[in-house]
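Counting starts at 1 for both ligands and their atoms, in listed order.
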Amino acid sequence: MNIAIGCDHAALEAKREIVEYLKSLEHVMLDEGTHSLKSCDYPDFAAAVSRKVQAGSAERGILICGTGIGMSIAANRFKGVRAALCYTEELAELSRLHNDANVLCLGARTQSVDSMKSIVLRWLTTEWEGERHGSRLNKIESNSRGQDAE
Ligand code: RB5
């Protein structure tokens with residue numbers, strides 16, 4: 001699977017480990033930065049990954065900052081992006097089953113890398129259930145279009 005990944009300075013090492021882990025599982029990783037420990041702004045990387053998901057050049061996105069909160073807020077501003085901040089495998093699974101989350105947000109200061117790896121694996125291997133959830137996702141999309149028109 002093509003996966004875009006981004007982080008800020010708080011999550012550089014965690015991102016490197018997740019990239020290596022997912023490459024070892026034969027995923028194609030599009031690393032959108034940051035690439036240094038210099039303090040930076042997480043919305044820039046949330047935007048880069050979200051645009052790849054919007055364009056379809058990445059099937060999924062992963063965003064890691066200190067808590068994952070800033071990344072999730074920033075990514076969810078992009079139409080078509082359904083970003084979920086998941087601290088457990090169960091939440092990761094539910095974000096796929098019910099919400100068809102296409103971006104996973106993680107917190108490098110609040111989760112261990114081992115826990116992130118198992119969360120990412122569950123998230124990547126769970127399919128959306130569809131059916132009753134479809135109309136709910138359509139409402140999310142039409143709500144954001146409505147706001148743009150006002
Ligand atoms: C950076 O210090 C920190 O604010 C950021 O990584 C993130 O946790 C924001 O939500």
Decide yes or no on side-chain contact (heavy atoms from CB on, under 4.5 Å) for R132 and H98, but give the supporting numbers first. CA-CA 9 Å; R132 71 186 189 282; H98 289 196; 3.9 Å; yes

With N102, which residues qualify under side-chain contact (heavy atoms from CB on, under 4.5 Å), at least two apart? V53, V81, R82

Taking atom CD of E90 as the centre, does the number of heavy atoms from other residues, nucleotides or ligands within less than 6.0 Å exceed 12? no

Proximal atoms of ligand 1 relative to D8 (non-hydrogen, under 4.0 Å): 1 (C), 5 (C), 6 (O)

Could you state whether Y42 and L63 fall into the same hydrophobic cluster, counting links through intermediate Ile, Leu, Val, Met, Phe, Trp or Tyr residues with side-chain heavy atoms under 4.5 angstrom apart? yes

Do the non-hydrogen side-chain atoms of R60 and W123 ever get within less than 4.5 Å of each other? yes

Polar-atom distance check: Y42 versus ligand 1, any N or O pair below 3.5 Å? no

Measuring from the heavy atoms of M71, does anything fall under 4.0 Å of ligand 1? no

Which is it for C65 and ligand 1 at heavy atoms under 4.0 Å: side chain, backbone, both or neither? both

Atom 4 (O) of ligand 1 touched by protein heavy atom at under 4.0 Å: no

Of all protein heavy atoms, the one nearest atom 2 (O) of ligand 1 is R109 NH1, 3.3 Å

For atom 8 (O) of ligand 1, what's the nearest protein heavy atom and its distance? T67 N, 3.0 Å

D8 side chain to C65 main-chain N or O, any donor-acceptor pair under 3.5 Å? no

Between E13 and A108, is there a donor-acceptor pair closer than 3.5 Å when you use the side chain of the first and the backbone of the second? no

Under 4.0 Å to a heavy atom of A10 - the qualifying atoms of ligand 1, by number: 6 (O)

May I ask you to list the atoms of ligand 1 that are less than 4.0 angstrom from any heavy atom of G66? 5 (C), 6 (O), 7 (C), 8 (O)

Among all protein heavy atoms, pick out the one at the shortest distance from atom 10 (O) of ligand 1; state its residue, atom name and that distance to 0.1 Å. G70 N, 2.9 Å

